[in-house]
Amino acid sequence: MSASSKTKILVANIGSTSFKYNLFEMRDGSILAKGGSEKIGAAEGLFNYKRTSDGRGTEGKEPIPDYGRAIELAFQSLMDPAVGVLSNMDEVAAIGFKVVMARGVTGTVELTEPVLRAMEEYYTLLPAHNPPYVNAVRFFRNQFPAIPCIGTFETAFYTQVPEENTRFAIPREWHEKYGIRRNGFHGASHRFVTEEAARIIGRPDLRIISCHLGGSSSIAAVRNGVAVDSSWGMTPQSGLPQNNRVGDFDAFALIYLIRDLGLGVDKVEQMLMKESGLKGLAGTATGDLRDILESAHAGNADAKLALNVFVKNIRNYIGQFLVELGGVDAIVFTAGISENNPWLREMICARLDSLGIAIDPALNGACPKSGGTISPASSRVRVMVIPTSEETIIARNAWALLHSQS
């Protein structure tokens, strides 16, 4: 099969213990199938596969020791004679990845060995993200050397952010020589929902505050489709409190913990990365908002505090970006936490009427899974829920790169 006749792109999403995928038909942008594996490395993992045309598929439980086995299960499902959508892997034009960050690399690029080594240089900054992606890409490249692996870095949406919004107040040498700067992540998600908002409203010249609230959370300020600011710092360990990652934190408190209290770098790193964020505030077994909400309803004061801190930080960034943008035309809520929790959207937008931001309780409470507008007609700012599709952006970018090279 010639490269020009291949119209399918497989988008792989690698988590610390999960592998999810979507198979796109690029002639019409449809998703042919989706699936994935969870609890990779546990005694018993879970896998599932669904053909989107009729919902038929497979699922099961078995030990999934590594990403290699998870990928094998994916291919077996995709090529299953009974429910699969591929006859062989030669039908796939490229494999797309939502990679996070690499030293000196951004945008959409083929994930060659030099690019993977540039990702390895940031293992300390992205210990939960880069290692599994690098390992998975190498597995794909070894198993299917004829299929290009193409990544869109999460930093790609932020290449036009004004310099004053990227700089820390540090010596110039640190910025220029070591690359210490503010970055932005969740780029594919923020791009998708802001493009959708512009399409729905029918105007490209919008000032949008995009709130991606999920397992990890961030807020982006977007003007005319271009990101101008972000809640992130240098790494995904910063910004808003994450499920179990600290978010913004004072640098000298870190030094105090390591040097004066003798906790050591490894212990402090582990605590800030695994035991902090909403989990650390609430004192719950996990940082999953559902667990924290259940604990708060049971009377756990720390869990209630965690919710209040989360909301307070989100509102702080919304206020900051209102000033940055000189006003706002639309606020978009996306990702699992904000799509599925009307009460959270209500808390975030409470008492903002004087700024032209209001929510209609009935529209908010009844908002379907497909999303919609939840502000009243009288609100100067349109408040919207738009389910994100990072995979769509990854597939489009991979397809565009392939055709730019043909």
Side-chain angles (χ1 to χ4, degrees), residues 1-15 18-40 45-99 108-112 116 132-152 188 192 389-406:
M1 180 179 291
S2 67
S4 60
S5 65
K6 298 179 181 182
T7 60
K8 298 178 178 65
I9 298 232
L10 181 70
V11 175
N13 192 338
I14 311 296
S18 67
F19 167 70
K20 299 178 182 178
Y21 62 92
N22 288 261
L23 183 68
F24 284 82
E25 170 52 67
M26 298 309 298
R27 286 176 295 189
D28 59 9
S30 62
I31 298 176
L32 300 176
K34 59 176 61 179
S37 296
E38 300 179 40
K39 298 184 178 180
I40 296 172
L46 308 172
F47 68 90
N48 69 86
Y49 164 82
K50 181 172 72 174
R51 188 169 65 187
T52 55
S53 60
D54 56 13
R56 295 180 65 201
T58 57
E59 60 181 15
K61 298 179 180 180
E62 67 164 69
I64 305 176
D66 51 34
Y67 290 96
R69 179 55 183 160
I71 294 167
E72 287 176 3
L73 289 168
F75 293 154
Q76 288 174 13
S77 299
L78 287 165
M79 293 184 285
D80 185 326
V83 295
V85 293
L86 294 176
S87 58
N88 58 68
M89 283 300 293
D90 286 341
E91 296 177 42
V92 177
I95 303 169
F97 295 87
K98 182 176 67 72
V99 284
T108 298
V109 300
E110 184 172 353
L111 297 173
T112 60
L116 297 180
Y133 261 102
V134 168
N135 292 337
V137 171
R138 284 193 173 128
F139 180 90
F140 274 108
R141 284 167 52 83
N142 288 333
Q143 292 292 110
F144 305 100
I147 304 176
C149 292
I150 297 175
T152 293
F192 180 84
S389 179
E390 298 169 296
E391 294 82 4
T392 296
I393 297 296
I394 304 306
R396 288 174 184 169
N397 289 350
W399 186 246
L401 182 66
L402 285 177
H403 283 263
S404 71
Q405 297 173 341
S406 61

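Using modelled atom types, no side-chain atom of E110 and backbone atom of T112 make a donor-acceptor pair closer than 3.5 Å. Side-chain atoms of Y49 never come within 3.5 Å of backbone atoms of F75 as a donor-acceptor pair (strictly under, hydrogens ignored).
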Sequence neighbours left out, cut at 3.5 Å: what donor-acceptor pairs do the side chains of residues 28-37 make with other protein atoms?
from	atom 1	to	atom 2	distance (Å)
D28	OD1	S30	N	2.9
D28	OD1	S30	OG	2.7

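The side chain to side chain contact (heavy atoms under 4.5 Å, CB included) search around A74 returns F19, Y21, not counting sequence neighbours. With sequence neighbours left out, the side chain to side chain contact (heavy atoms under 4.5 Å, CB included) criterion links T152 to T108, A156, I394, N397. Listed by chain and residue number, E113, E120 satisfy the salt bridge (charged side-chain N to carboxylate O under 4.0 Å, His left out) test with R138 (two or more places apart in sequence, or in another chain). Taking the side-chain hydrogen bond (donor to acceptor under 3.5 Å, both in side chains) definition, one finds that Y133 meets it with N13, sequence neighbours left out. Take D54 and apply the side-chain hydrogen bond (donor to acceptor under 3.5 Å, both in side chains) test, not counting sequence neighbours, and it matches R51. The side chain to side chain contact (heavy atoms under 4.5 Å, CB included) test applied to S389 returns F192, E391, T392, not counting sequence neighbours. Every residue meeting the side chain to side chain contact (heavy atoms under 4.5 Å, CB included) condition with F139, not counting sequence neighbours, appears here in chain and number order: I71, Q143. Remark: K50 engages no residue in a salt bridge (charged side-chain N to carboxylate O under 4.0 Å, His left out) (not counting sequence neighbours).
Side chains of E25 and T7 form a contact here, defined as non-hydrogen atoms less than 4.5 Å apart. Contact check for E91 versus S87: side-chain heavy atoms found under the 4.5 Å cut-off. Looking only at side-chain heavy atoms (C-beta outward), V99 and L111 come within less than 4.5 Å of each other.
Closest heavy-atom contact between M79 and M89: SD-N, 3.8 Å. Scanning both residues, D90 and K6, for their nearest heavy atoms gives O-CE, 2.9 Å. Taking each heavy atom of S18 and Y67 in turn, the nearest pair found is O-CE2, 3.4 Å. The shortest non-hydrogen separation linking P63 to P65 is O-CD, 3.5 Å. Considering all non-hydrogen atoms of both residues, E62 and L73 come closest at OE1-CD2, 4.0 Å. Of all heavy-atom pairs spanning K61 and F47, the tightest one is N-CE2, 4.0 Å.
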Using the rule given for side chain to side chain contact (heavy atoms under 4.5 Å, CB included), can you reason through T58 versus V83, listing the C-alpha separation, both sets of side-chain angles and the distance that settles it, and then say yes or no?
CA-CA 8 Å; T58 57; V83 295; 4.2 Å; yes

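Here CD1 of I9 is found 6.0 Å from CH2 of W399. Values are rounded to the nearest 0.5 Å. Here OG of S77 is found 12.0 Å from CG of L23. Values are rounded to the nearest 0.5 Å.
Residue pairs satisfying the salt bridge (Lys or Arg N to Asp or Glu O under 4.0 Å) criterion with at least one member in residues 70-83, sequence neighbours excluded, are listed as follows: R69-E72.
Exactly one residue among V11, L402, I95, V137 makes a side-chain contact (heavy atoms from CB on, under 4.5 Å) with I150. That residue is L402.
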